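Residue numbers start from 1 in every chain, and the chains themselves are labelled A, B, ... in the order their sequence lines are given, proteins ahead of strands. Note that these values count all heavy atoms, side chains included, but never hydrogens, waters or copies made by symmetry. Since we're looking at a predicted model, the values are computed, not measured.
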Amino acid sequence: MTADRYNAREAEPRWQKVWDERGIFRTRNDDPRPKYYVLEMFPYPSGRIHMGHVRNYTMGDVLARHMRAKGYNVLHPMGWDAFGMPAENAAMERKVHPKAWTYENIGTMKKQLQSMGLSLDWNRELATCDPAYYKHQQKMFLDFLAAGLVERRQSKVNWDPVDQTVLANEQVIDGRGWRSNALVEQRELTQWFFRITAYSEELLAALDTLERWPEKVRLMQRNWIGRSEGLLVRFALDSATTPSRETELKIFTTRHDTLFGARFMAIAPDHPLATAAARKDPALAAFIAECKRHGTAQEIVETAEKKGYDTGIKAIHPFDPSWKLPVYVANFILMDYGTGAIFGCPAHDQRDLDFVNRYGLGVTPVVCPADVDPASFVVTDTAYDGDGRMINSRFLDGMSVPEAKEEVARRLEGERRGNAPVGERQVNFRLRDWGISRQRYWGCPIPVVHCEACGVVPVPEKDLPVVLPEDVTFDRPGNPLDRHPTWKHVACPECGKPARRETDTMDTFVDSSWYFVRFTDPWNADAPTDRAAADAWLPVDQYIGGIEHAILHLLYSRFFTRAMRATRHVGLDEPFAGLFTQGMVVHETYQRQDGSYAMPAEVKIEGAADARRATLTATGEEVKIGSIEKMSKSKRNTVDPDDIIGSYGADVARWFMLSDSPPERDVIWTEEGVQGAWRFVQRLWRLVQEAVAACGETTGVAGDDSAALAIRKAAHRALANVSEDIAKLRFNRCVAHVYELSNALQAGLASAKGRGASPDTRVALREATEILVQLFQPMMPHLAEECWAALGHDRLAAEAPWPQADATLLTEETLTLPVQVNGKKRADVTVPRDAANSDIEAAVLQLDAVRRALDGKAPKKIIVVPQRIVNVVA
RNA sequence: GCCCCUGUGGCGGAAUGGUAGACGCGCCUGACUCAAAAUCAGGUGGCCGCAAGGUCGUGCUGGUUCGAGUCCGGCCAGGGGCACCA
């Protein structure tokens with residue numbers, strides 16, 4: 001064998017240059033072909049790309065190249081999610097300006113992405129930290145403000161009392177600030193909010209229309225929005241016990257059927273009634289302060305031990321004026337949800353039960369399961385939240401849960417106190433408005449001015465963008481914009497008197513909530529969008545990214561698109577018609593004796609299976625092979641894409657990322673896997689050269705010589721399978737089909753060599769080779785160009801139209817059906833494709849295995865599933 | 001704590017409710033070679049059997065079905081999200 005090795009290092013940059021020079025991935029908005037918009041979540045420019053990016057962008061690229069071959073005008077852009085905290089952290093730690101750091105990272109990462117051979121239209125590149133981008137974001141903020149979609153109000157933040165700064169949840173570790181180590185407190189600030197809750201109902205309902213979204217993402221969003229139908233109940237307060245003149249406590253409940261099981265009331269630590277009561281009760285004030293002494297993360301609140309403080313206030317049961325319930329301040333009640341107050345029914349809610357067990361408040365079960373005797377039904381440690389009949393509930397006794405809910409709602413609606421009904425049916429959402437204020441420098445400035453005389457004044461459009469000042473310092477914590485000597489001082493746009501700029505910047509989720517729209521006309525200096533371009537390109541046909549964005553980024557983008565519609569920047573509601581969430585890239589970990597981690601590149605692996613051991617290449621020290629985890633800097637189990645591309649080539653990295661694991665699941669990066677991919681690249685190259693040698697420049701249509709027919713069938717079956725699987729993003733199966741075809745082609749070539757190929761076979765072999773190259777072109781585009789050129793083509797493989805599978809080659813004349821007896825496979829039967837069921841049954845009854853099983857008796861039943869299986873029930 | 005997902009050979013995985021293990025990795029045998037690597041050909045879930053074949057087998061457990069990896073109930077284990085990481 002004299003075949004050359006395929007030299008990826010030489011070939012890949014060569015083909016990348018050809019693609020670039022011919023501009024074949026540049027997309028025009030006036031192209032008349034049908035559009036297809038494929039987008040991968042744009043990266044944060046953290047420094048270098050990681051394997052997760054390689055996986056994500058390879059998947060999108062396969063789809064983009066495939067759709068291009070299918071004749072679509074494909075939009076496949078790339079940009080940078082360039083604002084965010086890491087740039088400020090770098091500034092503090094390494095004394096480098098966030099802007100310089102960010103753009104340097106972008107430069108590095110762009111080069112890395114380009115070395116992957118992605119079919120991107122780099123002409124549309126954008127960075128969210130560019131004033132040319134955020135100018136339009138500021139304009140939309142003002143439009144949203146005018147449309148009533150922006151509000152300003154108080155909300156809680158994590159406050160570091162030592163650094164005097166606001167902390168992200170990520171910066172709070174075990175309740176302490178990450179730099180100062182001080183105990184974090186909750187603090188109220190006035191902040192800007194986008195009124196996403198104005199669209200709660202719509203965002204929920206429209207989930208049903210997102211048919212090409214994973215069901216689990218829709219479910220997660222549904223739960224996040226959290227619509228619940230319940231009852232608002234106004235409990236009267238015993239005036240003798242209230243701190244000042246409070247007369248009632250409003251609660252929201254979805255379990256009004258259990259009102260007779262009530263044992264206590266609970267209010268949030270920041271509920272106004274709690275604040276009022278604390279003014280007269282120092283111990284309560286201390287308890288509330290204690291509750292605020294941890295961060296704002298919900299996880300912390302809900303996993304904390306359930307604690308309460310009895311305020312001494314009594315609430316009066318709405319159905320019994322003589323029944324008084326104690327009002328507790330409790331650490332597990334959230335002011336953000338409902339009214340920040342509940343009634344506690346321990347028998348049917350686990351949290352309430354834990355609470356009464358701690359404070360000895362007792363339990364009354366009011367819903368009895370169907371199969372339990374009401375007289376003996378008790379609840380002690382486990383609350384019962386199932387269905388049943390009402391007990392211990394006076395006029396509700398004997399009713400079902402829904403009947404009881406209806407009866408309670410009806411009675412309390414009809415009863416009035418003051419001039420309002422005691423009960424009111426209400427739909428409540430868990431979804432909260434989106435707080436976008438950040439007390440940070442490296443973000444999009446919020447374009448408003450605070451004037452003592454005029455209040456909050458929007459920056460006039462002609463003055464946009466409000467540009468970040470560059471002369472800032474990071475020697476101290478806190479917001480550099482706020483302490484900048486001149487930037488915030490500005491004349492009020494309305495009255496001209498000295499005023500102050502807003503120094504908060506926007507949440508970086510705002511930046512990523514509309515970049516996909518901007519890509520449709522990124523050159524537009526006058527407006528955020530060109531309506532014609534945006535409406536023609538959107539929605540994104542296929543969006544691909546990590547599952548970690550299942551809720552926030554995707555929900556915010558859905559809201560933002562609606563807000564842009566309301567302010568006439570786009571004409572649609574849903575930005576992403578198809579969504580795919582890919583899994584993570586994971587790798588083994590290696591740990592030294594001293595517990596520190598070693599990187600895969602530093603380690604040598606020997607042996608197999610149980611005998612595998614790892615040693616440090618440099619010193620020979622043995623390291624422990626640890627669990628497989630998400631690639632991360634802290635575990636040092638990362639593999640640098642540059643190293644892989646440098647030694648094996650981009651095609652190998654791409655191929656391995658697509659092989660084996662289903663794209664929605666995690667993929668384990670292994671050295672063996674990469675080498676397997678590399679060997680396959682070489683094998684394909686040899687195969688194509690052999691095929692060229694065997695078939696020459698043969699063209700024409702193959703006849704049905706039996707060898708030729710077998711090859712053609714294999715090729716067209718692979719073609720049909722790959723076409724179907726790419727469309728469904730089942731790339732691991734595409735890989736398997738390419739392997740199958742190359743196996744079939746290799747066998748075909750070997751026997752053709754032995755016997756001397758007929759003209760028909762030569763034509764079939766050439767056709768199969770061309771199909772093979774086209775099938776892997778989206779996945780390994782450089783190798784495909786090299787092979788395509790070797791096959792004598794002048795045009796690029798990237799520009800070749802997708803071949804059409806010949807349907808007549810996909811069906812067989814006879815079928816071999818498995819035969820089961822009582823559900824267990826015992827034999828096969830081969831029948832003509834269109835055999836009648838009765839003929840199949842007759843053939844099956846002749847089989848030895850079936851006769852043995854029936855032992856002379858007639859079968860009870862024969863089930864023939866056409867084209868599938870036969871089951872004989874003996 | 002709440003919400004969501006996943007669990008199949010030695011390993012990654014395949015399987016519209018219809019032959020469990022496609023395809024790959026690894027391993028074994030053979031060819032080529034002085035030898036090794038590379039490459040090529042064949043084999044490869046466990047147990048019993050010379051074989052034909054049988055039998056067990058998709059985290060555990062119960063159910064629906066002619067038939068369950070797939071559907072339903074209960075559990076166990078691992079992972080993702082929880083509103084200021086992106």
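In this structure, CZ on F429(A) lies 5.0 Å from CZ on R227(A), to the nearest 0.5 angstrom.
Considering only side-chain N and O atoms, N223(A) lies under 4.0 angstrom from the phosphate OP1 or OP2 of rC4(B). Within the 4.0 Å cut-off from OP1 or OP2 of rA14(B), at least one side-chain nitrogen or oxygen of R665(A) is found.
With the 3.5 Å cutoff on both pairing distances, Watson-Crick and G-U pairs in RNA chain B assemble into runs of at least 3 at B:1-7 with B:76-82, B:10-12 with B:23-25, B:26-31 with B:39-44, B:45-48 with B:53-56, B:59-63 with B:71-75.
Following rounding to the nearest Å, D666(A) (CG) and rG13(B) (P) show an atom-to-atom distance of 9 Å. Atom CD of Q682(A) is separated from atom C1' of rU39(B) by 12 Å (rounded to the nearest Å). The interatomic distance linking Q186(A) (CD) with rC84(B) (C1') rounds to 13 Å, in whole Å. A straight line from CD of E588(A) to P of rC11(B) spans 13 Å, rounded to a whole angstrom. The CZ atom of R218(A) sits 17 Å away from the C1' atom of rC3(B) (whole-angstrom rounding).
The gap from the P atom of rA15(B) to that of rG24(B) amounts to 16 Å, rounded to the nearest Å. Distance check on atom P: rG26(B) versus rC11(B) gives 15 Å, rounded to whole Å.
Look at K713(A) and E812(A) and you find a salt bridge, because one of the NZ, NE, NH1 or NH2 atoms lies within 4.0 Å of a carboxylate O, short of that distance.
Annotation: K156(A), atom NZ; neighbour count of heavy atoms from other residues, nucleotides and ligands within 6.0 Å is above 12.
The nucleotide whose nearest atom lies closest to any side-chain atom of R679(A) is, among rA83(B), rA38(B), rA41(B), rA38(B).
Ring geometry, H348(A) versus Y384(A): the interplanar angle exceeds 60°, so the pair is classed perpendicular (tilted spans 30 to 60°).
Its glycosidic angle being more than 90° from 0, rG46(B) falls on the anti side.
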